[in-house]
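See below for the structure under consideration.
If you're wondering where the values come from, they're calculated on a predicted model, not measured in any experiment.
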Amino acid sequence: MALLHKIPSFTPIHHFPINKNHPISSISCTTSSTSPFTEKHSLQRYQRDQWVYQKTTSCNHIPCDDLRGSIREDDIALQLPELKKLVKVLKEKRESEGKCSEGECVKGDVFLVGTGPGDPELLTVKAVRVIKSADLLLYDRLVSNDVLDLVGDHAKLLYVGKTAGYHSRTQEEIHELLLSFAEAGATVVRLKGGDPLVFGRGGEEMDFLQQQGIHVKVIPGITAASGIAAELGIPLTHRGIANSVRFLTGHSRKGGTDPLFVSENAADPDSTLVVYMGLSTFPSLSQKLMHHGLSPQTPAVAIERGTTLQQRTVFAELKDLPEKIASTGLESPTLLIIGKVVELSPFWPMPTKQESSLMQT
């Protein structure tokens, strides 16, 4: 049975005094909303981005992890009543349409929709059609307001974003929310930045729902690697320069500050490396790549919020890029592209040591 049926409303366990002058105080005003649904045209989405993400040295003498946990529980406690109400409304609607029998409704479909790297014009036609037809949309932090503007007036939006140090929902809760509304007969859309099946945990959601008998359809999106590379004029593969491309995640499944083990194959000079979610671990990763034989002079680039109006880029040789990222102050989400193809970008700031390889092929 899904989350909304088996979990009672949370009872707040901890209440901590919060210093109004402290950066973390922004949490209290954001979580006081009585509705779980984010308005499409408000700034609440971006205010949520500021929840406890700021680096602080203390949390008013309270362990920060404890405070975050209580805030998330209180937030969910506020949301569950309205979520349950929406499930009831959806069931009543299906019953009026003759799609329910003896309390059981025809199960709705779940669509895992990729919204691309940020630019709304990179959405597929199918993605736009599905977004407009949804009853409920669960969306991530990287989904822009321009994309949410496409949502139909009848639909509800629910924020389930994650960022380093704070998850508004656990992955298990997201699974159960998708199941609850699908069981009520709703058309549910799960909006994800990039492509749902490239470091988007779409495979986990698909597997869970299919095991519960829910029909899942995946609408692919342009993944950040290809979308951002194209924006910068970087061919991920190029004859005579890069005969393969490899996507890496900057974090292991258990998290931590050290990136995944990088084998000698990942340091192949004839391949292009694209690192997702690797901003904090890149100093360690770059050292490992050079230790395994990748030249310190390998061209590389870091791109914050690629394809959007907020895009910032830092080009440098591999050995210098971590320091330049730090001095520029790039923030998540930032994508990293490493390989000789980066030098082919018209934005590459350094003079090439030889005639462009584009002219040689």
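Within the 4.5 Å cutoff, the side chain of Thr272 has no heavy atoms near those of the Ile338 side chain. A heavy-atom distance below 4.5 Å is found between the side chains of Trp348 and Pro299. For the pair Leu318/Pro296, no side-chain contact is recorded, criterion being any heavy-atom separation below 4.5 Å from C-beta on. With contacts defined as side-chain heavy-atom distances shorter than 4.5 Å, the pair Leu150/Leu123 qualifies. No side-chain heavy atom of Phe111 sits under 4.5 Å from any side-chain heavy atom of Arg190. Side-chain contact between Lys192 and Val143 is absent, with no heavy atoms from C-beta onward closer than 4.5 Å. Counting only heavy atoms from C-beta outward, the side chains of Lys156 and Leu137 never approach each other to under 4.5 Å.
Thr237 contributes no side-chain N or O that, together with a main-chain N or O of Ala242, makes up a donor-acceptor pair within less than 3.5 Å. In terms of modelled atom types and a separation under 3.5 Å, the side chain of Thr313 and the main chain of Ile303 share no donor-acceptor contact. Remark: side-chain polar atoms of Asp140 are not paired, donor with acceptor, to backbone N or O of Leu142 under 3.5 angstrom. When atom types are taken as modelled, the side chain of Gln212 and the backbone of Leu209 share no donor-acceptor pair closer than 3.5 angstrom. For the pair Asp135 (side chain) and Thr187 (backbone), a donor-acceptor distance under 3.5 Å is present. Proximity of a side-chain donor or acceptor of Ser327 to a complementary backbone N or O of Lys324 within less than 3.5 Å is detected.
Under a hydrophobic clustering in which Ile, Leu, Val, Met, Phe, Trp and Tyr are joined whenever their side-chain heavy atoms come within less than 4.5 Å, directly or via other members, Ile234 and Phe347 fall into the same cluster. The hydrophobic cluster containing Leu335 does not contain Ile222, counting ILVMFWY residues as joined when their side-chain heavy atoms lie under 4.5 angstrom apart, directly or transitively. Criterion: ILVMFWY side-chain heavy atoms under 4.5 Å apart, direct or through other members. Under it, Val106 and Leu179 are not part of a common hydrophobic cluster. Linking Ile, Leu, Val, Met, Phe, Trp and Tyr whenever their side-chain heavy atoms come within less than 4.5 Å leaves Leu122 and Leu191 in two separate clusters. Taking hydrophobic clusters as Ile, Leu, Val, Met, Phe, Trp and Tyr residues chained together by side-chain heavy-atom distances below 4.5 Å, Met350 shares a cluster with Val341.
Note: Asn145 CG to Tyr139 OH = 7.5 Å, rounded to the nearest 0.5 Å. We find the CG-CG distance between Leu330 and Leu279 to be 6.5 Å, quoted to the nearest 0.5 Å. Atom NE2 of His154 sits about 10.0 Å away from atom CG of Leu136, to the nearest 0.5 Å. The structure places NZ of Lys340 at 10.5 Å from OG of Ser271, a figure rounded to the nearest 0.5 Å. To the nearest 0.5 Å, atom CD1 of residue Ile228 and atom CG of residue Asp119 are 11.0 Å apart. Taking CD1 from Ile214 and CG from Asp109, the interatomic distance works out to 8.5 Å, rounded to the nearest 0.5 Å.
Using the six-membered ring where Trp is involved, His175 and Phe208 have ring planes that are parallel, under 30° apart on the 30 and 60° scheme.
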side-chain contact (heavy atoms from CB on, under 4.5 Å) for Leu232 and Gln311? Distances and angles first, verdict last. CA-CA 11 Å; Leu232 295 177; Gln311 175 176 306; 3.7 Å; yes
Please test Ser332 against Arg141 for side-chain contact (heavy atoms from CB on, under 4.5 Å), starting from the C-alpha separation and ending with a verdict. CA-CA 11 Å; Ser332 175; Arg141 182 171 67 101; 3.4 Å; yes
Worked check of side-chain contact (heavy atoms from CB on, under 4.5 Å) between Val218 and Met206: CA-CA 9 Å; Val218 178; Met206 180 169 57; 3.8 Å; yes
Might you work through the salt bridge (Lys or Arg N to Asp or Glu O under 4.0 Å) test for Asp268 and Arg246, ending with a clear yes or no? CA-CA 10 Å; Asp268 180 4; Arg246 183 169 182 174; over 6 Å; no
Residues Thr328, Arg312; criterion side-chain contact (heavy atoms from CB on, under 4.5 Å); working and verdict: CA-CA 9 Å; Thr328 307; Arg312 292 196 295 165; 4.0 Å; yes
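For the residue pair His291/Gln287, the side-chain donor-acceptor check at 3.5 Å is not satisfied. A donor and an acceptor atom, one from each side chain of Glu205 and Gln171, are located under 3.5 Å apart. Side chain to side chain, Thr223 and Tyr276 meet the donor-acceptor criterion of an N or O pair below 3.5 Å.
Remark: Ser295 engages Gln297 in a side chain to side chain donor-acceptor pair (under 3.5 Å) (not counting sequence neighbours). With sequence neighbours left out, Gln310 forms a side-chain contact (heavy atoms from CB on, under 4.5 Å) with Arg305, Thr308.
Under the 4.0 Å criterion applied to side-chain N and carboxylate O atoms, Arg201 and Glu204 are assigned as salt-bridge partners.
With Val275 as the partner, the side-chain contact (heavy atoms from CB on, under 4.5 Å) test is satisfied by one option alone out of Thr334, Ile337, Leu336: Leu336.
The neighbour count for Glu92 CD, taken as heavy atoms of other residues, nucleotides or ligands under 6.0 Å away, is above 12.
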